[in-house]
Amino acid sequence: MKHKRINIAIDGPSGVGKTVMATMLAQKLNYKFLSSGSFYRIIAYNALIQNINLDDEQAINDAWDFHDIDIHDDGSFIFKGKDVSKEIRADEVSQAASKIAKYGSIREKINKFIQSYGAAKKGIIVDGRDATYRILPQAEVKFFLWASSEERALRRIKQNNELGIPSGSYEEVLQSIKERDYNDMNRKIDPLKVSEGSIEIDTSGMSIEENFEALYKYVKEKLE
């Protein structure tokens with residue numbers, strides 16, 4: 001197992017636990033975790049603080065470059081020298097990220113970076129809405145995680161509380177998640193879907209540990 005390294009892709013809707021699972025797998029396997037969703041959040045955050053019109057695809061894409069982004073080993077995100085790990089989790093940023101994710105030029109820019117990274121060095125884990133069929137279609141293990149919108153709303157509130165991020169009422173968070181699901185599933189470019197070859201796992205009612213073990217079982221089988 002020490003010598004063989006693979007790439008892993010994880011898809012699923014907002015709040016299903018993709019980032020937590022990818023982080024745990026990366027720590028267990030000593031792999032590099034690249035969250036595609038975090039790239040969109042950073043770009044959206046940058047557009048918001050610069051007051052760029054979210055309908056202006058060109059202006060949003062011109063306002064950033066990968067040289068601006070640094071991912072530390074502890075999973076924190078540095079943008080133009082500032083740790084923005086908490087800021088990019090805000091609901092306003094999440095909604096803006098969902099909106100700009102429909103832009104082909106932005107998606108292409110992010111995907112090319114991740115693909116080149118994974119090709120150069122095996123052992124990366126990518127999560128997103130299209131990680132299994134667009135970002136890393138050749139990944140040796142591909143997952144699609146799911147959970148009810150109600151359970152994901154509760155998880156999002158718990159996560160925000162732990163991070164010290166205001167999240168609004170349960171009803172507001174639930175509505176936000178439902179809206180994002182609709183946007184992600186119905187966008188014309190790379191919508192959220194279960195791709196061919198993906199292992200579907202319904203995480204509803206699962207603890208974090210149970211969820212992790214369900215994924216790790218398949219990864220371990222592939223490595224062995």
*Identify the heavy atoms of Pro166 and Asn160 that sit nearest to each other, and give their distance.*
O-ND2, 4.4 Å
*Taking the side chain as every heavy atom from C-beta outward, state whether Asp56 and Gln58 have any pair of such atoms under 4.5 Å apart.*
yes
*So do the side chains of Ile78 and His72 get within less than 4.5 Å of each other, counting heavy atoms only?*
yes
*Decide yes or no for Leu48 and Glu92: does some side-chain heavy atom of the first lie under 4.5 Å from some side-chain heavy atom of the second?*
yes
*Tell me, please, which residues at least two apart from Lys193 pass salt bridge (Lys or Arg N to Asp or Glu O under 4.0 Å).*
none
_CG on Asp65 to CG on Asp62, rounded to 0.5 Å_ = 10.5 Å
*Within 6.0 Å of NZ in Lys122, more than 12 heavy atoms from elsewhere*: yes
*Please tell me if the side chains of Thr19 and Phe33 come closer than 4.5 Å, counting only heavy atoms from C-beta onward.*
yes
_With no hydrogens and no angle check, just 3.5 Å: does a side-chain donor-acceptor pair link Ser14 and Arg156?_
yes
_Check: Gly205 main-chain N/O paired with Glu151 side-chain donor or acceptor under 3.5 Å_ = yes
_Smallest separation among heavy atoms of Lys178 and Ser149, with atom names_ = CE-OG, 3.7 Å
*Worked verdict on Asp55 versus Lys99 for side chain to side chain contact (heavy atoms under 4.5 Å, CB included)*: CA-CA 9 Å; Asp55 292 322; Lys99 185 168 186 176; 3.2 Å; yes
*Out of curiosity, Asp184 CG to Ile177 CD1, how far, rounded to the nearest 0.5 Å?*
11.5 Å
_Lys222 atom NZ: more than 12 heavy-atom contacts under 6.0 Å_ = no
*Classify the side-chain pair Gln50/Asn46 by whether it contains a donor and acceptor separated by less than 3.5 Å.*
yes
*asked:* Please determine whether the number of non-hydrogen atoms from other residues, nucleotides or ligands lying under 6.0 Å from atom CD of Gln138 exceeds 12.
replied: no
_Test item: Ile8 and Ile6 side chains (from C-beta on) under 4.5 Å apart, heavy atoms_ = yes
*Output the distance between atom CD1 (Ile10) and atom CG (Leu25), rounded to the nearest 0.5 Å.*
5.5 Å
*Candidate pair Phe143 and Val219, rule side chain to side chain contact (heavy atoms under 4.5 Å, CB included), full reasoning*: CA-CA 10 Å; Phe143 293 108; Val219 173; 4.0 Å; yes
_Non-neighbouring partners of Phe66 that pass ring-ring contact (aromatic ring centres under 6.0 Å, His included), sequence neighbours left out_ = Phe39, Trp64, Phe113
*asked:* Quick check on the hydrophobic clustering: are Tyr133 and Leu145 connected, directly or via other members, by side-chain heavy-atom contacts under 4.5 Å?
replied: no
*Is it the case that one hydrophobic cluster holds both Ile88 and Ile106, taking links as side-chain heavy atoms less than 4.5 Å apart, direct or via other members?*
yes
*Hey, could you give me the NZ/CD1 distance between Lys102 and Ile189, rounded to the nearest 0.5 Å?*
9.5 Å
*If only atom types and distance count, is the side chain of Lys109 paired as donor or acceptor with the main-chain N or O of Asn61 below 3.5 Å?*
yes
*asked:* Can you confirm whether Glu196 is buried at CD, in the sense that more than 12 heavy atoms of other residues, nucleotides or ligands lie under 6.0 Å from that atom?
replied: no
*asked:* Is there a path of hydrophobic side-chain contacts, each under 4.5 Å between heavy atoms, that joins Met21 and Tyr31?
replied: yes
*Between Tyr40 and Ile110, is any pair of side-chain heavy atoms under 4.5 Å apart?*
yes
*Examine Ile60 and Val93 and state if one hydrophobic cluster contains both, with Ile, Leu, Val, Met, Phe, Trp and Tyr joined whenever side-chain heavy atoms are less than 4.5 Å apart.*
yes
*Quick one: CZ on Phe77 to CZ on Phe79, what's the gap to the nearest 0.5 Å?*
12.5 Å
*Output yes when a side-chain donor or acceptor of Ser176 lies under 3.5 Å from a complementary backbone atom of Glu172, and no otherwise.*
no
_Atom of Ile201, atom of Met206 and distance for their closest heavy-atom approach_ = CG2-CE, 4.1 Å
_Flag, side chain of Thr132 to backbone of Ser198, donor-acceptor distance under 3.5 Å_ = no
*asked:* Determine whether a donor-acceptor pair (N or O, by modelled atom type, separation under 3.5 Å) exists between the side chain of Asp190 and the backbone of Asp130.
replied: no
*Hey, are Arg89 and Ser167 close enough side-chain-wise for a donor-acceptor pair under 3.5 Å?*
no
*salt bridge (charged side-chain N to carboxylate O under 4.0 Å, His left out) between Lys217 and Glu221: does it pass, once the steps are laid out?*
CA-CA 6 Å; Lys217 178 186 72 173; Glu221 288 175 358; 5.5 Å; no
*Quick one: do the Glu179 and Gln175 side chains pair a donor with an acceptor below 3.5 Å?*
yes
*Can you find a side-chain donor-acceptor pair between Ser35 and Asp127 that sits under 3.5 Å?*
yes
*Step by step, would you call Glu224 with Lys4 a side chain to side chain contact (heavy atoms under 4.5 Å, CB included)?*
CA-CA 9 Å; Glu224 293 178 342; Lys4 184 177 181 180; over 6 Å; no
*So, Gln115 side chain and Arg134 main chain: donor-acceptor pair closer than 3.5 Å or not?*
yes
*So, for Ile124 and Asn7, which heavy atoms are closest and what is the spacing to 0.1 Å?*
N-OD1, 3.1 Å
_Check whether Tyr216 forms a cation-pi arrangement with Lys28 (NZ or CZ under 6.0 Å from the six-membered ring centre, at most 45° off the ring normal)._
yes
_For a quick test of reading the model, state the closest non-hydrogen atom pair linking Ala131 to Asp11 and the distance between them._
N-OD1, 2.6 Å
_In one Ile/Leu/Val/Met/Phe/Trp/Tyr side-chain cluster, 4.5 Å: Val194, Ile199_ = no
*Ignoring hydrogens and angles, tell me if any N or O in the side chain of Asn211 forms a donor-acceptor pair with the backbone of Ser207 under 3.5 Å.*
no
_To check you understand the geometry: which heavy-atom pair defines the closest contact between Ala147 and Ser204, and what is its length?_
CA-OG, 3.3 Å
_Separation between CZ of Arg41 and CD1 of Ile43, rounded to the nearest 0.5 Å_ = 12.5 Å
*When you measure from the side chain of Arg129 to the backbone N and O of Pro13, does any donor-acceptor pair fall under 3.5 Å?*
no
*Take Arg180 and Ser94 through the test side chain to side chain contact (heavy atoms under 4.5 Å, CB included) and record every step on the way to the result.*
CA-CA 9 Å; Arg180 180 146 198 195; Ser94 179; 2.8 Å; yes
*Quick check: does any side chain N or O of Glu150 sit under 3.5 Å from a backbone N or O of Leu174, one acting as donor and the other as acceptor?*
no
